[in-house]
Number of protein chains: 2
Amino acid sequence: MFCATDTVRPDCRHCIVRHISLCSHTSTRERAELQALSKRRRFDRSQVIYNQDDPVDNVFVITRGMVKLYRDAPNGKRQITGFLGSGDILGSIKYRAGAHCTAESITELDVCAFQKELFSEFLQDHSALCFAMLVMAMDEIEAQYDHSILLGRKLAPERLAAFLLLLSRRWKRDDEDPDLVYTLMPRNDIADHLGVTSETISRTFTRFKAEALIRTLDNKSVLLKNVPRLQQLAGFEEMPSHRMSIGL
Amino acid sequence: MFCATDTVRPDCRHCIVRHISLCSHTSTRERAELQALSKRRRFDRSQVIYNQDDPVDNVFVITRGMVKLYRDAPNGKRQITGFLGSGDILGSIKYRAGAHCTAESITELDVCAFQKELFSEFLQDHSALCFAMLVMAMDEIEAQYDHSILLGRKLAPERLAAFLLLLSRRWKRDDEDPDLVYTLMPRNDIADHLGVTSETISRTFTRFKAEALIRTLDNKSVLLKNVPRLQQLAGFEEMPSHRMSIGL
DNA sequence: CGGGATGTTGAGGCAAGTCAATCTAAGTGG
DNA sequence: CCACTTAGATTGACTTGCCTCAACATCCCG
């Protein structure tokens, strides 16, 4: 089932997500126990980690790279429900349930893989961690509410502005211009996430460039030139805050 | 802050949601502890339980009636993120965070109210319950994914068909025709949930009636006359399953 | 019975979809 | 190193599903 190109023991002590993600809610001792349960895996770009409706018996913590989650409707249309990156959690803890979405890497990807049953047991034995995960899940519900507002009530330019601002607060590296956004995904994926066509994304990018709201360096990165106007478009009173995600 | 018209001690032993909802995951002893933490409250129809961005220090279990959750965008548009009924949980467990949505009753409403801090502590002391809540939260994330697909990728008739089928699986009474759906909410609320206008809902209802897919008894209840065709429209392979919701 | 809230229907406009042509970037192999 | 290929992005012309605005109908509750 997995297309992992590599499988090694992780070393949590040097893991880049140990201070974020779920791991930050564990004691040193707990982290050692978790480490014993986990395997590191690596995926190439554009590999399917699991397919919608497939049984999946792993939960993943993403340590590097990015994943898209999507469902293909019977009518052939695709909705990308979210993108996950470093520190985010991928996979349901529910036993013997088919995956709700397809998960596919959009970059080279490193994950920390737990067997679902063991991970669930661990959660049930460590209520503080379970509670932390519950808080994360509730954050994710709120994020999905925001996305419903975007899909249900915003026009294409408003959607793209909101998306760019959200991206600008995620997966940010300290040493870089805070208004430089690496989208990593192609136009088509942005479109499938925002509920429009790639042509509309393309036209909206062109409009934004004409209005000097953004400048594109290449097709995978954008420089935000007028954040206040973008916020106004997006309907954000202030800059959106970043939080870890759970994806199912 | 509350507009409760009544506040009495609950009696969990006779509560109609004791076998569903979170309570079904508790032992008799735990339920007794929880009961000591809870107060029963009653709200009239169309009362705001809490407003978006307000601090809320309660978590509610709905025992009777229905609630709508919505956010009003700066541009005046409204998106209803969900409806909650008997057995569903209302409210975030996060401390000192403003409510993400406005919660408003659409029928007379009975709830079981817990002080947020006490409820959170209880969860952290009872990992089985915390885990059950986590599973519910993940179910809710999946439900929100489905709604994103609806909002992002479905046409108005497909949205309405999906909505009617979902309703037909929720809050069902055993003694009634399984294809008789009580919507309870006005056209405008359906529209704000499905990301269209009330006019479009009205036209689509008319079309469905003309095509003999449904029959309306009054403006608050619908009889499904052709479930297979509705499923096909909705893009459901099979009848959607019902599960408890968490609303924030 | 009356009047406000809610629902229905119609006409016209517009944002975004569809289809198709072109342009660009990134490989690939001779 | 350059022609060739291919996937992705852009742009334009046309179509369409839904919104907007407005008139009218109906329901409901005092």
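Protein chains get the first letters and strands the later ones, always in sequence-line order, with residue 1 at the start of each. Fair warning: this is a prediction, and the values are worked out from it, not measured in the lab.
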Spacing between A/E199 atom CD and C/dT22 atom P, to the nearest angstrom: 16 Å

Under 30°, 30 to 60°, or over 60°: which ring-plane class applies to B/Y50 and B/F60, parallel, tilted or perpendicular? parallel

Can you find a side chain N or O atom of A/T206 that sits less than 4.0 Å from OP1 or OP2 on D/dT11? yes

Any donor-acceptor pair under 3.5 Å from A/S21 side chain to A/G87 backbone: yes

For C/dT6, does either OP1 or OP2 sit under 4.0 Å from a side-chain N or O belonging to B/S198? no

Whole-Å distance separating the CZ atom of B/R203 from the P atom of D/dC21: 14 Å

Of A/F205 and B/R159, the one whose closest DNA chain D nucleotide lies more 5': A/F205

Integer-rounded Å distance: C/dA15 P and B/K77 NZ: 11 Å

Closest nucleotide among C/dG7, C/dA16, D/dT10 to the B/K220 side chain: C/dG7

Ignoring hydrogens and angles, does a donor from either the side chain of B/R187 or the base of C/dT9 sit under 3.5 Å from an acceptor on the other? no

Can you check whether A/N219 has a side-chain N or O nearer than 4.0 Å to OP1 or OP2 of D/dT10? yes

Between B/R45 and B/R153, who's closer to the 5' end of DNA chain C by nearest nucleotide? B/R45

Donor-acceptor pair, side chain of B/T183 and main chain of B/K220, under 3.5 angstrom: yes

Can you tell which of B/D192, B/D88, B/D189 makes a salt bridge (charged side-chain N to carboxylate O under 4.0 Å, His left out) with B/K68? B/D189

Please figure out whether A/G195 or B/S202 has its closest DNA chain C nucleotide nearer the 5' end. B/S202

Round to a whole Å and report the spacing from CG of B/N75 to C1' of D/dC19. 14 Å

Rounded off to whole Å, could you give me the CG-to-P distance for the B/N188 and D/dC19 pair? 12 Å

B/D218 has an atom CG; how far is it from atom P of C/dT6, in whole Å? 15 Å

When all nucleic acid strands are considered with a 4.0 Å heavy-atom cut-off, which category describes B/T200: base, sugar-phosphate, or nothing? sugar-phosphate

Just to be sure I understand the rule, does B/I201 reach a base, reach only the sugar-phosphate, or reach nothing, if contact means heavy atoms closer than 4.0 Å? nothing

Does a donor on one side chain and an acceptor on the other come within less than 3.5 Å for A/H100 and A/D53? no

Nucleotide D/dC18, atom P - distance to CG of B/L150 in whole Å: 12 Å

Rounded distance (Å) that lies between atom C1' of D/dC18 and atom CG of B/L160: 14 Å

